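Note that the coordinates shown come from a computational prediction; the quantities given were computed from them, not determined experimentally. Count residues from 1 along the sequence.
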Amino acid sequence: MNRFAQIHLLTAYPPANLNRDDLGRPKTARMGGAERLRVSSQSLKRAWRTSAVFQEALAGHVGKRTKELGIGIYERFTESGVDAKKAREWTKLIAATFGKLKASKKDKPLNDLEIEQLAHFSPVEIAAVDALVAKLAEEKRAPTEAELEILRKNHQSADIALFGRMLAAAPSFNVEAAAQVAHAVTVHKVAVEDDFFTAVDDLNPRDEDLGAGHMGITEFGAGLFYLYICIDRALLVENLKGDKDLASQAIAALVEAAATVAPTGKQASFGSRARASYVFCETGDAQPRSLVSAFLKPVEGQDQFSDAVESLEKLVKAFDQAYGDGASATAKINVAAGTGSLKEVIACASELGDD
């Protein structure tokens, strides 16, 4: 098995606000002395993981991230006729298995049933909790330590195996991520722009007040983004307890989502759906490296896509020549040139072999 699969993508977005900062502006980064638009890896992974592409490809193997598992447990207990006080006590025992519980609040009566940190639960773990709750409700008793211990076993879902899981209060549930996703940045310098907009009041007869019903400003930017993904395929198989078929499906779903799913930020306002115009996949055992340094000098000129591809592919050859450890297998898509296919790229990334 070639241990690493590295995916490099170039995706062009029209005016958009794909990923906002705390002020509502598009996120940016300074690189090579120039300001670039940026989309965080957290935003990208969230968009991919919740997309129809990912969910359908890995149906039954995708978990849920939530703090509120305890609230659902409590409601199922009370709906089954368990006394509210006992339901709360039993719920806390189960929920605390997955992390430290929040402090109680007078204005939020169920607050102390939530865990402090978002926890990622696999389908098997959710099913185990549901089965235990049903059993306890039927038998009208609290969970035993042995029953709680069963919940602490790691049953990985594909998304947990890919993106990892970290719980400071319950380190036995921690999983090292097999996929590393860089923040996407534009290959050229950008200037974040302002869009002044107005809205008309439909019920205003405009006899006297001819002004707008609302005025506002939203900020946006446009650009060609470079994105880098590295997948430790050996670690992915390990995280999935040796299930190579599921590992291959997970890689295929991730690659397809990365190439075809756009971040969801302000889509209704900008309609910034996009697919990657260039995808380069390489697999091998050599230590991975991003190709972002191809764009330390901002791409300029009228044909930024072609210039970006040329710069990226030139850097690949330079790295291979310098280190002598090029990829064992490659595949690429270049939409402008009409070469390659997503099917070929997915096959390159997800073929794990028998060794």
Side-chain angles (χ1 to χ4, degrees), residues 7-29 34-57 62 181-202 212-229 253-280 295 298-309 333-338 340-342 345-346:
I7 316 296
H8 312 268
L9 304 97
L10 293 172
T11 307
Y13 286 98
N17 192 342
L18 300 171
N19 187 203
R20 287 167 279 178
D21 64 15
D22 56 335
L23 300 177
R25 302 179 73 252
K27 288 187 176 179
T28 59
E35 184 172 284
R36 318 293 181 100
L37 290 176
R38 174 173 64 91
V39 179
S40 72
S41 62
Q42 299 93 319
S43 173
L44 291 167
K45 288 183 284 188
R46 167 70 179 174
W48 300 338
R49 185 173 61 84
T50 59
S51 69
V53 167
F54 198 88
Q55 295 283 328
E56 291 171 7
V62 180
V181 180
H183 291 226
V185 293
T186 53
V187 303
H188 50 80
K189 61 183 178 181
V190 297
V192 175
E193 301 179 68
D194 296 333
D195 175 31
F196 171 75
F197 64 90
T198 63
V200 177
D201 188 330
D202 291 342
H214 173 76
M215 294 186 294
I217 293 176
T218 186
E219 296 176 278
F220 68 91
L224 177 65
F225 288 79
Y226 168 73
L227 171 61
Y228 171 68
I229 304 169
L254 175 58
V255 172
E256 182 175 358
T260 63
V261 174
T264 57
K266 294 187 77 69
Q267 282 289 355
S269 298
F270 290 100
S272 52
R273 303 287 185 180
R275 295 189 175 190
S277 297
Y278 179 89
V279 185
F280 175 52
F295 311 115
V299 173
E300 298 177 347
Q302 297 300 310
D303 192 357
Q304 292 181 334
F305 174 75
S306 296
D307 291 346
V309 171
I333 301 171
N334 186 326
V335 173
S341 70
L342 180 60
V345 169
I346 288 176

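- The closest side-chain heavy-atom distance from N19 to P263 is not below 4.5 Å.
- Residues forming a side-chain contact (heavy atoms from CB on, under 4.5 Å) with Q42 (at least two apart in sequence, or on another chain): S40, H183.
- A search for side-chain contact (heavy atoms from CB on, under 4.5 Å) contacts involving A29 returns R38, not counting sequence neighbours.
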Step by step, work out the side-chain contact (heavy atoms from CB on, under 4.5 Å) result for V255 and I229. CA-CA 9 Å; V255 172; I229 304 169; over 6 Å; no
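- With sequence neighbours excluded, the residues satisfying ring pair (Phe, Tyr, Trp, His ring centres under 6.0 Å) with Y228 are H8.
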In residues 184-197, what donor-acceptor pairs under 3.5 Å come from side-chain atoms, sequence neighbours left out?
residue, atom, partner, partner atom, Å
T186, OG1, L37, N, 3.2
T186, OG1, H188, O, 2.9
H188, NE2, L224, N, 3.0

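- Residues meeting the ring pair (Phe, Tyr, Trp, His ring centres under 6.0 Å) test with F54, sequence neighbours left out: none.
- Here R36 pairs with nothing under the side chain to side chain donor-acceptor pair (under 3.5 Å) rule; sequence neighbours left out.
- Annotation: salt bridge (charged side-chain N to carboxylate O under 4.0 Å, His left out) contacts involving residues 299-309, sequence neighbours excluded, are absent.
- Residues P14 and A222 come closest through the heavy atom pair C-CB, 3.7 Å.
- By the ring pair (Phe, Tyr, Trp, His ring centres under 6.0 Å) test, Y226 pairs with F295, sequence neighbours left out.
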Ignoring hydrogens and angles, write down the donor-acceptor pairs under 3.5 Å from the side chains of residues 269-277, residues two or more places apart or on other chains.
residue, atom, partner, partner atom, Å
S272, OG, Q267, OE1, 3.4
S272, OG, Q267, NE2, 3.4

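- Residue pairs meeting the salt bridge (charged side-chain N to carboxylate O under 4.0 Å, His left out) criterion with at least one partner in residues 215-225, sequence neighbours excluded, are R25-E219.
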V309 and L10: CA distance, side-chain angles, deciding distance, side-chain contact (heavy atoms from CB on, under 4.5 Å) verdict: CA-CA 8 Å; V309 171; L10 293 172; 3.8 Å; yes
